[in-house]
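First the proteins, then the strands, lettered A, B, ... as listed; each starts at 1.
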Amino acid sequence: MQVKYNSNVLEVEGLTNFHPEHIFECGQAFRWNWDGKGYVGVVADKVVRIIWDGATLYIENATLKDFDSFWYNYFDLQTNYGEIIDILSKDPVMKKAVKYGWGIRILNQDPWETLISFIISANNGIKRIKSIIERLSYKFGQKIIWQDQEYYMFPSVEALASATEEELRECGCGYRASYIQRTAQLVKEGQINLNDLRNIDYAKAKEHLLKCPGVGPKVADCILLFSLGKRQAFPVDVWIKRIMETLYYDEMKVFKDIRKFAENKFGLLAGYAQQYLFYYAREKKIGK
DNA sequence: AAACAGGAACCAC
DNA sequence: GTGGTTCCTGTT
């Protein structure tokens, strides 16, 4: 891998198993949008555009320092996906899913943003999740100007903790408004320390997350997988349930059984397997 | 325009 | 601990 810098654009060459469309469209992140040239996203306090021409990754509006301190980890570039794919592909079903979703990477996102985003995701589709997050950011986040356009950062803990339920409902959160408000309050008061969760094991970290209103087993697994580096997490939603029933067993009655099955079959790689399966299920509209 | 989609909370048992 | 019902809003 080779990294160059040219007038506020990073150029990264020599990446393998990297495909932005599959990375951004597999349900793990909600603030990346295709604008005709590339994927534009608000990440932390920056707006960047990601362009991929098949050989070089361009990150517009980033420096070499940003790459080392942030983007390298964000795109999970330290992880050898070739090795993971080889192991998963021993399973014939996974072999198909991996082939289909090649280039997926599990992003290492901000735990706070991920926590709130996946509380919103409960009982919701991706399109609506995205629009709610945009409205929240517009209303409670800081404005950023980039290339003469306005963008809004994801709201801070303080901003959402002091928001009223009514204001949150106005953003389309529905009954999740009180969950968001109360969870923000817990984080603000330090009753849950998100950054500490990185350093404790999967099961313990999950226990902590489950104390947040609006966080159940599936949402907790998403937060663990997408922002806390717990790659054994296997979030089970209806899509995963459908595809597992279609591809593996006809009768997996309850979500818990599916999680168990994945734990046994994929072990510490369960989270990677989940992403390939999710993408495969959505694109193939399995069970619909 | 009624039905549907989508996880967690909550209340029985 | 399991099973059934309810919560909200955009889409069909």
Please give, in whole Å, the distance from [N] [atom2] to [X] [atom1]?
| X | N | atom1 | atom2 | answer |
| --- | --- | --- | --- | --- |
| A/L209 | B/dA9 | CG | C1' | 17 Å |
| A/F255 | B/dG6 | CZ | P | 10 Å |
| A/F278 | B/dG6 | CZ | C1' | 11 Å |
| A/R169 | C/dT9 | CZ | P | 6 Å |
| A/Y179 | B/dC10 | OH | C1' | 9 Å |
| A/I133 | C/dT9 | CD1 | C1' | 16 Å |
| A/R182 | B/dA9 | CZ | P | 9 Å |
| A/N124 | C/dC7 | CG | P | 16 Å |

**Message:** Test your reading of the model: is there a side-chain donor-acceptor pair from A/D76 to the backbone of A/R105, 3.5 Å cut-off?
**Reply:** no
Do we see a donor-acceptor contact under 3.5 Å between the side chains of [X] and [Y]?
| X | Y | value |
| --- | --- | --- |
| A/Y5 | A/D66 | no |
| A/Q191 | A/E189 | yes |
| A/N108 | A/Y72 | no |
| A/D86 | A/S89 | no |

**Asked** Between the base of B/dG7 and the side chain of A/Y175, is there a donor-acceptor distance below 3.5 Å?
**Response** yes
**Prompt:** When we call it a touch if two heavy atoms are under 4.0 Å apart, what does A/G214 touch: a base, just sugar-phosphate, or nothing?
**Reply:** sugar-phosphate
Of the listed nucleotides ([options]), which one gets closest to any side-chain atom of [X]?
| X | options | answer |
| --- | --- | --- |
| A/V219 | B/dG7, C/dT2, B/dG6 | B/dG7 |
| A/R176 | C/dT11, C/dC8, B/dA8 | C/dC8 |
| A/K256 | C/dC7, B/dA8, C/dT2 | C/dT2 |

**Message:** I want to check one thing: is the phosphate of B/dA8, taken as OP1 and OP2, less than 4.0 Å away from some side-chain N or O of A/K218?
**Reply:** no
**Prompt:** B/dG6 phosphate, OP1 or OP2: any side-chain N/O from A/W239 under 4.0 angstrom?
**Reply:** yes
**Item:** Closest-nucleotide ordering on DNA chain B, the 5'-leading residue of A/P213 and A/R128
**Value:** A/R128
**Fill in**
Closest to the 5' end of DNA chain B, once A/V238 and A/L210 are matched to their nearest nucleotides, is A/V238
**Item:** 5′-ward residue of the pair A/K127/A/N123 relative to DNA chain C
**Value:** A/N123
